Amino acid sequence: MASISEWYAGKNVLITGATGFMGKVLMEKLLRSCPDVKALYILVRPKAGQSMSERVQDMMKCKLFDRVREDNPDFHQKIVPISSELTQPGLAISPEDVKTLTSCIHIVFHCAATIRFDEALKHALQLNVISTQQLLSLAQQMQQLQAFIHISTAYANCNRRHIDEVIYPPPVEPKKLIDSLEWMDDSMVCDLTPRLIGDRPNTYTYTKALAECVVQQESGRLNIAIIRPSIVGASWQEPFPGWIDNFNGPSGIFIAAGKGILRTMRASNDAVADLIPVDVVINLTLAAGWYTAVHRPKTVLVYNCTTGGINPFHWGEIEHHVMSTFKRNPLEQAFRRPNANITSNYLINQYWTLVSHKFPALLYDLILRLSGQKPQMMRIFNRLHKAIGLLEYFSSQDWEWNSDNMNMLMNQLSAEDRRTFNFDVRQLNWPEYIENYCIGTKKYVLNEDMSDIPAARQHLRKLRNIRYTFNTLLLVFIWRVFIARSQMARNIWYFVVSLCFKFLSYFRASSTLTQ
Ligand SMILES: CCCCCCCC/C=C\CCCCCCCC(=O)SCCNC(=O)CCNC(=O)[C@H](O)C(C)(C)COP(=O)(O)OP(=O)(O)OC[C@H]1O[C@@H](n2cnc3c(N)ncnc32)[C@H](O)[C@@H]1OP(=O)(O)O
Ligand SMILES: NC(=O)C1=CN([C@@H]2O[C@H](COP(=O)(O)OP(=O)(O)OC[C@H]3O[C@@H](n4cnc5c(N)ncnc54)[C@H](OP(=O)(O)O)[C@@H]3O)[C@@H](O)[C@H]2O)C=CC1
């Protein structure tokens, strides 16, 4: 049987969400490991004042594509951008482009979604559900289509503790919800949202669950697979270790901890941190594309793409390795020395939030105000607290995912494919992975140079000296205010000092006797 790379040779691939984190890694891997792929059609919209082509050109200059560029400097010729706004009717694809896509596409990877946890329900529904429905309708018209791969999330059913590789009944019939929300104004939808999402934590997981149901309903004549990754993190091996380009999920938390901003967070030390490297997800996705097209399973196969059941690692261990990496490889211009602790205790967390977040922020803003600058620290902390609040649900509990289909797929691959499209997370060395992940946030998210580490260390030493000076001044202040003003406090203080003195004298005497 043809290898995976051979199967992709000569194929036209359609990718949505190609400008996103996973979409880019998917494109890179396809271009590098399947060099004979015919063309990658990518649906892109203009954004932030940049046209579609400017965005695509910028994207291809990205460091992620360095290895592909080395192998084939003309790789951009294989990329065909198609203008599309997924929230518009017909995905806003021009009739000519529809004609091209329906006549030539062999496989579709649907990665686009809004992954924000605070997304308004109407928008999340529009993008994650209705666009998926529209893309499936387009796919139905594709004459050469062999497989449609939908990227979902392992947390689509996070209201369950044990999650099998099946599509669960939806919380509501998607069509009914779409029809109802159509006539409601935004404030009505906003009021109704908590009732609708029920025991799910946000509109993201809710709409991703509905999208799975839509995929099943529309699966009719199509060959479909669903990939459900857990928390997608930096790359493990490919194209190089530690590739990451955003603040989503744990990345923003790691950065905030490395910068010394985040000192406390509610998370369970013993809960499994179900992180999955992005290259693992992409390798599995490409392999699932091949399997779906070649073996044409009778039902929609769902692949839970997780690590917890195979090679578990816990949030407490993550905290330890993140802190240790940032102490050895500090980030530039840290606010304080990195020292974050996670706790599952609400009151302890509230206490440390007050002492280690709010108080230093107020103090820093006061200094900024006094020096004529604009206060900013409290604003940063308010945003951080909002983000943490949205993530805590996922870091305070664990889930069990069945990953039989991932194992089945691995067994279907030849030894060579298993190496080229490696998704065997049993080999993942977590401490090494977390170290590369943290260094990746430094290099690729914050664009910091590794050669500046000595200066960053020097800055940490300066912060340590400031802290010692501050603590000494605080002690003197406490002494002045509380001790020096009250006779009783003074007596207690002299008593404690004389006790210490006696203790020391005793020790000195006993140590001279033993010599
Ligand atoms: C010592 C460490 C110990 C570890 C402890 C445990 C850590 C546990 C952590 C996590 C585990 C759980 C994860 C579950 C995952 C589920 C899996 C999936 O299926 S999907 C993927 C997940 N999706 C998200 O992660 C979206 C979350 N993000 C949002 O919903 C929004 O970004 C939100 C509400 C957090 C912030 O919204 P706004 O409107 O305030 O800000 P905005 O527009 O997003 O960003 C503005 C700027 O701030 C940066 N930013 C965003 N998030 C940041 C952050 N967390 N820290 C710092 N900067 C951040 C952005 O890059 C942006 O920068 P510019 O304006 O472009 O320059
Ligand atoms: N990251 C994670 O931890 C996890 C992600 N997933 C799933 O993986 C998939 C990819 O996630 P990820 O790459 O991290 O997400 P990103 O936010 O990085 O990328 C989202 C992509 O969707 C595109 N998109 C969003 N809105 C529109 C629109 N209206 N029209 C056209 N395109 C649009 C974005 O384009 P643009 O650049 O124009 O905004 C971008 O390319 C999603 O389906 C997500 O649910 C699942 C589990 C975990």
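Whatever order the structure lists them in is the order used to number ligands and atoms, beginning at 1. In this text, all values refer to a predicted model and were calculated from it rather than measured experimentally.
Every atom of ligand 2 is numbered from 1 in the order shown, and the set under 4.0 Å from a heavy atom of Ile151 is 7 (C), 8 (O), 9 (C), 43 (O). Atoms of ligand 2 lying under 4.0 Å from at least one heavy atom of Ile115, given by number and element, are 14 (O), 15 (O), 17 (O), 44 (C), 45 (O). Close approach of ligand 2 to Cys111 is summarised as follows: ligand atoms under 4.0 Å from at least one heavy atom of the residue are 9 (C), 10 (C), 42 (C), 43 (O). Near Thr19, meaning under 4.0 Å from one of its heavy atoms, ligand 2 places the atoms 34 (C), 35 (O), 36 (P), 37 (O), 38 (O), 40 (C), 41 (O). Within the listing of ligand 2, atoms 36 (P), 37 (O), 38 (O) sit less than 4.0 angstrom from a heavy atom of Arg55. Below 4.0 Å from some heavy atom of Leu127 lie the following atoms of ligand 2, by number and element: 25 (C), 26 (N), 27 (C), 28 (C), 29 (N). Residue contact check: Thr87 has heavy atoms under 4.0 Å from atoms 29 (N) of ligand 2. Those atoms of ligand 2 with a heavy atom of Ser230 less than 4.0 angstrom away are 47 (C), 48 (C).
Within the 4.0 Å heavy-atom shell around ligand 2 one finds Ser152. Under a 4.0 angstrom heavy-atom cut-off, Asn246 registers as lying outside contact with ligand 2. Residue Gly249 places every heavy atom at 4.0 Å or more from ligand 2.
With a 4.0 Å cut-off on non-hydrogen atoms, Met22 touches ligand 2 through its backbone as well as its side chain. When heavy-atom distances to ligand 2 are checked against a 4.0 Å cut-off, Arg228 has no atom that comes that close, whether in backbone or side chain.
Relative orientation of the Phe254 and Tyr437 rings is perpendicular, given thresholds of 30° and 60° on the angle between their planes. Using bins of under 30°, 30° to 60° and over 60° for the plane-to-plane angle, the ring pair Tyr155/Trp401 lands in the perpendicular bin. Aromatic ring orientation, His295 versus Trp290: perpendicular (interplanar angle above 60°, classes split at 30° and 60°).
The distance criterion of under 3.5 Å between nitrogen or oxygen atoms is not met by His110 with respect to ligand 2. For a threshold of 3.5 Å applied to N or O pairs, the pair formed by Ile231 and ligand 2 contains no separation below that value. In terms of polar-atom proximity, defined here as any N/O pair under 3.5 Å, Gly17 does make such a contact with ligand 2. Of the polar atoms of Asn248, none of the N or O atoms is found under 3.5 Å from an N or O of ligand 2, judged by distance alone. Ligand 2 has no nitrogen or oxygen under 3.5 angstrom from a nitrogen or oxygen of Ser84.
The heavy atom nearest to atom 44 (C) of ligand 2, out of those in Tyr155, Phe21, Tyr204, is found in Tyr204.
The side-chain hydrogen bond (donor to acceptor under 3.5 Å, both in side chains) test applied to Asn72 returns no partner, not counting sequence neighbours.
Although no hydrogens or angles enter the test, the distance criterion places no donor-acceptor pair under 3.5 Å between the side chain of His110 and the main chain of Phe148. A donor-acceptor pair under 3.5 Å is formed between the side chain of Thr307 and the backbone N or O of Leu275. In this structure, the side chain of Asp164 does not engage the main chain of Val166 through any donor-acceptor pair within 3.5 Å.
If you take CG on Leu14 and CD1 on Ile149, they are separated by 12.5 Å, rounding to the nearest 0.5 Å. Atoms CE and CD1, from Met27 and Ile282 in turn, are 11.5 Å apart once rounded to the nearest 0.5 Å.
Just one residue in the list Arg228, Gln217, His150 forms a side-chain hydrogen bond (donor to acceptor under 3.5 Å, both in side chains) with Glu212, and that residue is Arg228.
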List the atom pairs, with distances to 0.1 Å, where a side-chain N or O of residues 40-47 and a protein N or O form a donor-acceptor pair under 3.5 Å, not counting sequence neighbours.
none

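Between Lys63 and Asp66 a salt bridge is recorded (basic side-chain N to carboxylate O distance below 4.0 Å).
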